[in-house]
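Below: the structure, in structure tokens.
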Amino acid sequence: MEYAYVICPKCWDKLIKVENIQDLDLYEQKRCLKCKTRFGLALLGEKEIDNSTYKIILRYKTELDEERVANMRKAIQTLKLDTDAIMNSVYVGEQGSTIYEGDVIHTYLFKKAFTGSELWIGFDIIPEFPYEIYEPDLFICPECGEEVVGRTEPCDDIKGWFLDGLFCGHCNKWTLGPIAKRDTTIYTLVFSYKNLKILVDSSVKRGIMNRLEKVPDKKIQGDKMIIHTNSEKIIEIVPYIQSAGCAYDIEPPFPHKID
């Protein structure tokens, strides 16, 4: 059996058990009573939270320059931990020394604070921490603190692809990504085949016919040509149909720019 726990990614004060893991999405839509921020998944594991105390032992440490230290301090402070006490332990700590002790929530916060710093510092946890840790604050803008949303928009640089990531409307910028993803939707293109047939031979007509030959899923129904194909082929064919003056329709609504 798996156990999931959500947390407020601003207050960081309480792990809330998801009673039925199938309802995780519903829990992630609930909001903190203190700050009205949406909850996010924090922990997932096969053990229910108990009163266990975990020791965090220094495994290795490289030279910590000012920038690395500043980033660590900022992360610890954001998570409402005792920044000075932890960093003092890190400074004086040697391999095998105990840096921190805490219950499940504080161990989770400690691990999260040092996520991304593994090249410079590493820790062992005793007993072994039995949970996967997640990043509920991915949906919080690191600059303004507002909630961000998933956003998908056509990619201008790669025809038939999307940009996908998390976007802050307040800062008007991506906070995660974006990554380019191919549009895998199969679109239906319908246009007047009757008008195409009576079109005088020209580079436009030849352009349409050449591109139709490359589309296997097509049929003529009455005076209409019906094509089922991907976005790349739609982008190739439609400009020629437009040049020929043929009316056309695309379903579902086509999100990409057609030159």
Side-chain angles (χ1 to χ4, degrees), residues 2-18 21 24 27-28 30-35 37-143 145 147-148 166 175-176:
E2 281 193 311
Y3 295 90
Y5 295 85
V6 297
I7 198 169
C8 170
K10 281 190 177 179
C11 296
W12 302 107
D13 60 344
K14 184 179 180 182
L15 288 167
I16 300 172
K17 180 182 176 182
V18 177
I21 199 167
L24 177 58
Y27 276 79
E28 289 183 310
K30 293 181 179 181
R31 293 184 176 272
C32 174
L33 294 177
K34 294 181 181 178
C35 67
T37 302
R38 192 177 68 182
F39 291 128
L41 177 63
L43 293 176
L44 187 64
E46 296 182 355
K47 178 182 178 181
E48 189 171 7
I49 286 180
D50 56 22
N51 294 323
S52 296
T53 298
Y54 296 87
K55 285 188 176 183
I56 297 176
I57 311 298
L58 183 64
R59 190 193 326 153
Y60 62 86
K61 179 177 63 174
T62 61
E63 183 177 350
L64 301 177
D65 59 29
E66 290 184 4
E67 182 178 358
R68 292 169 185 169
V69 169
N71 289 336
M72 290 176 187
R73 291 187 66 90
K74 181 179 178 181
I76 297 168
Q77 188 172 17
T78 297
L79 293 164
K80 318 293 186 183
L81 296 175
D82 190 333
T83 307
D84 289 337
I86 291 174
M87 288 308 299
N88 286 339
S89 293
V90 167
Y91 281 131
V92 301
E94 298 179 353
Q95 184 179 7
S97 60
T98 298
I99 300 298
Y100 190 74
E101 291 187 51
D103 56 9
V104 169
I105 185 170
H106 288 91
T107 303
Y108 160 69
L109 295 175
F110 185 99
K111 281 176 63 67
K112 190 176 180 316
F114 286 90
T115 297
S117 299
E118 291 84 359
L119 288 176
W120 309 292
I121 191 166
F123 306 95
D124 291 314
I125 300 179
I126 301 174
E128 182 178 356
F129 197 59
Y131 305 97
E132 294 181 55
I133 73 167
Y134 289 82
E135 306 291 328
D137 48 335
L138 283 179
F139 293 93
I140 301 295
C141 176
E143 293 190 11
E147 288 187 32
V148 301
L166 296 177
T175 61
L176 183 66

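Predicted, not measured: the structure shown is a model, and the values here were computed from it.
Contact check for I140 versus T175: no side-chain heavy atoms found under the 4.5 Å cut-off. Side-chain contact between W120 and L64 is present, with at least one heavy-atom pair separated by less than 4.5 Å. The shortest side-chain heavy-atom distance between I57 and I125 does not fall under the 4.5 Å cut-off. Residues I126 and Y54 fail the side-chain proximity criterion, which asks for heavy atoms closer than 4.5 Å. Put simply, the side chain of L41 does not reach to within 4.5 Å of the side chain of Y27, judged on heavy atoms. L15 is not listed as a side-chain neighbour of V6, based on a closest heavy-atom distance of 4.5 Å or more. Contact check for L44 versus I21: side-chain heavy atoms found under the 4.5 Å cut-off. Under the 4.5 Å side-chain criterion, counting only non-hydrogen atoms from C-beta, E48 is in contact with K17.
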(message) What verdict does the side chain to side chain contact (heavy atoms under 4.5 Å, CB included) test give for I121 and R59, after you've listed the backbone C-alpha separation in whole Å, the side-chain angles of each residue and the deciding distance to 0.1 Å?
(response) CA-CA 8 Å; I121 191 166; R59 190 193 326 153; over 6 Å; no
(request) Report the C-alpha distance between Y100 and D82 in whole Å, list the side-chain angles of each, state the deciding distance to 0.1 Å, and finish with yes or no for side chain to side chain contact (heavy atoms under 4.5 Å, CB included). (result) CA-CA 10 Å; Y100 190 74; D82 190 333; over 6 Å; no
(request) Take I7 and I105, measure what side chain to side chain contact (heavy atoms under 4.5 Å, CB included) needs, and give me the verdict at the end. (result) CA-CA 10 Å; I7 198 169; I105 185 170; 4.1 Å; yes
(request) Assess whether side chain to side chain contact (heavy atoms under 4.5 Å, CB included) is satisfied between L79 and K112, documenting all intermediate values. (result) CA-CA 8 Å; L79 293 164; K112 190 176 180 316; 4.2 Å; yes
(request) Quick one: do D124 and K55 satisfy salt bridge (Lys or Arg N to Asp or Glu O under 4.0 Å)? Show the steps, please. (result) CA-CA 8 Å; D124 291 314; K55 285 188 176 183; over 6 Å; no
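In this structure, the side chain of K10 does not engage the main chain of D137 through any donor-acceptor pair within 3.5 Å. Side chain of R68 to backbone of E63: a donor-acceptor contact under 3.5 angstrom is found. Of the possible polar contacts, none joining the S97 side chain to the G93 backbone as a donor-acceptor pair under 3.5 Å is found. Side-chain atoms of T107 come within 3.5 Å of backbone atoms of G102 as a donor-acceptor pair (strictly under, hydrogens ignored). Looking only at distances, no side-chain donor or acceptor of E143 sits under 3.5 Å from a matching main-chain atom of C141. Of the possible polar contacts, none joining the N88 side chain to the Y91 backbone as a donor-acceptor pair under 3.5 Å is found.
Taken to the nearest 0.5 Å, the CG atom of L24 stands 13.0 Å off from the OH atom of Y5. In this structure, the separation between NZ on K80 and CG on D13 is 9.0 Å, given to the nearest 0.5 Å. One finds the SG atom of C32 at 5.0 Å from the CZ atom of F39 (value rounded to the nearest 0.5 Å). Between atom CD1 of residue I86 and atom CD1 of residue I76 there is a gap of 5.0 Å, rounded to the nearest 0.5 Å. Distance check, rounded to the nearest 0.5 Å: CD1 of I49 to CG of L43 gives 5.5 Å. In this structure, L58 CG and I99 CD1 are separated by 4.5 Å, a value rounded to the nearest 0.5 Å.
A cation-pi contact, defined as under 6.0 Å to the ring centre and within 45° of the axis, is absent between K111 and Y108.
Contact record, C8 with C11: SG-N, 3.3 Å, taken as the closest heavy-atom pair.
Residue L119 qualifies as enclosed at atom CG: its count of foreign heavy atoms under 6.0 Å is above 12. With a 6.0 Å radius and a threshold of 12 heavy atoms from other residues, nucleotides or ligands, Q77 has its CD atom at or below the threshold. For E128, the CD atom counts as loosely surrounded, since its 6.0 Å shell holds 12 or fewer non-hydrogen atoms of other residues, nucleotides or ligands.
A centroid separation of less than 6.0 Å is found between the aromatic rings of F123 and F110.
Evaluation of the side-chain contact (heavy atoms from CB on, under 4.5 Å) rule for F139 yields R38, V148, L166 as partners, not counting sequence neighbours. Every residue two or more places apart in sequence or in another chain that forms a side-chain contact (heavy atoms from CB on, under 4.5 Å) with E67 is listed here: D65, N71. Legend: residues meeting side-chain contact (heavy atoms from CB on, under 4.5 Å) with E132, ordered by chain and number and at least two apart, are Y134.
Remark: E94 does not engage K61 in a salt bridge, criterion side-chain N to carboxylate O under 4.0 Å.
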